[in-house]
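Working notes for the structure below.
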Amino acid sequence: MELAMASAIGILTAAGVYLLLRARSFDVILGLTLLSYATNLLIFAGGRLVAGKPPVLRDGVAPDLAHYTDPLPQALVLTAIVIAFAMTAVSIVVAIRSRADNDSDHVDGSRAQREFQRNELRRHQQARGQAPDSRHGEGAGTRDADAQDDDA
């Protein structure tokens, strides 16, 4: 039982970290969700895996850990589930808004940011008296960069 639980926690953690490192917002949200599942399983496993024992005291049964399971991990996991659900809902709303504003679901930048950086580079080059670089000229490269973003 412990091997299965440890394997599940490891697989969920590895998949969650992998998805967190992706550049798309849906993948990041899914990675956070998988990490919260792994955390919940870890909390459960920390409370000793016991099957068939109640978490509350009963009449006629000795009040020791041999007859009961610890109720604290169960309460913590229920609380963590509620918090993870709320966090996921907020993250999805933020991702939808970001996609609507930036026309992209990349988490590491947007077209507007790249356009701002191009304009700033052009402004700095003009202030120094240099000719603007052909790659950063007026409207040059925006179509190629946008196509690359759509492909990624």
Side-chain angles (χ1 to χ4, degrees), residues 1-124 135-136 139-152:
M1 180 76 156
E2 286 83 9
L3 179 64
M5 185 66 78
S7 298
I9 292 170
I11 290 170
L12 285 173
T13 302
V17 169
Y18 172 76
L19 288 172
L20 274 177
L21 297 175
R22 305 278 298 177
R24 301 284 185 173
S25 53
F26 179 74
D27 295 340
V28 171
I29 293 169
L30 194 59
L32 284 172
T33 304
L34 289 179
L35 280 178
S36 70
Y37 292 160
T39 305
N40 291 344
L41 286 177
L42 184 67
I43 293 171
F44 249 159
R48 286 185 284 130
L49 298 173
V50 180
K53 294 184 181 177
V56 294
L57 298 176
R58 293 184 305 185
D59 291 335
V61 179
D64 58 1
L65 288 178
H67 299 95
Y68 297 100
T69 185
D70 189 11
L72 185 62
Q74 296 175 20
L76 288 174
V77 167
L78 285 175
T79 304
I81 288 170
V82 172
I83 292 170
F85 179 75
M87 178 196 65
T88 303
V90 169
S91 298
I92 288 173
V93 169
V94 168
I96 290 171
R97 178 61 190 258
S98 175
R99 169 122 171 100
D101 289 347
N102 299 325
D103 295 327
S104 174
D105 65 343
H106 281 270
V107 295
D108 58 350
S110 67
R111 290 182 200 158
Q113 182 179 3
R114 284 190 307 277
E115 186 65 31
F116 174 78
Q117 289 171 345
R118 282 189 206 109
N119 290 336
E120 285 298 303
L121 180 65
R122 190 178 327 116
R123 187 177 66 80
H124 284 288
R135 293 178 302 173
H136 303 288
T142 56
R143 194 172 312 125
D144 295 335
D146 294 343
Q148 288 175 353
D149 284 345
D150 293 338
D151 292 339

Is there a side-chain contact (heavy atoms from CB on, under 4.5 Å) between Met87 and Val90? Walk through the geometry before answering. CA-CA 5 Å; Met87 178 196 65; Val90 169; 6.0 Å; no
Between Ser36 (side chain) and Thr33 (backbone), is there a donor-acceptor pair under 3.5 Å? yes
Testing the basics here: between Ile29 and Ser91, what is the closest heavy-atom pair and its distance to 0.1 Å? CD1-O, 3.5 Å
Rounded to the nearest 0.5 Å, what's the gap from CD on Gln74 to CD1 on Ile43? Could you check? 12.5 Å
Roughly how far, to the nearest 0.5 Å, is the CD1 atom of Ile81 from the CZ atom of Phe85? 11.5 Å
Looking only at atom types and distance, does a side-chain atom of Thr79 sit under 3.5 Å from a main-chain N or O of Ala75, one as donor and one as acceptor? yes
Exactly one of Leu12, Thr13, Thr39 should register a side chain to side chain contact (heavy atoms under 4.5 Å, CB included) with Leu34. Which one does? Leu12
Ignoring hydrogens, what is the shortest heavy-atom contact between Asn40 and Ala80? Give both atom names and the distance. OD1-CB, 3.2 Å
What pairs of residues pass the salt bridge (Lys or Arg N to Asp or Glu O under 4.0 Å) test when at least one of them lies in residues 26-47, not counting sequence neighbours? Arg22-Asp27
With salt bridge (Lys or Arg N to Asp or Glu O under 4.0 Å) as the rule and sequence neighbours excluded, what pairs involving residues 5-17 come up? none
To the nearest 0.5 Å, atom CD1 of Ile96 lies from atom CZ of Phe26 at 11.0 Å
What do the steps show when you test Leu20 against Leu32 for side-chain contact (heavy atoms from CB on, under 4.5 Å), and what is the final call? CA-CA 7 Å; Leu20 274 177; Leu32 284 172; 3.8 Å; yes
Here the gap from Leu35 atom CG to Leu42 atom CG, rounded to the nearest 0.5 Å, amounts to 11.5 Å
From Leu76 CG over to Ile83 CD1, what is the distance, rounded to the nearest 0.5 angstrom? 9.5 Å
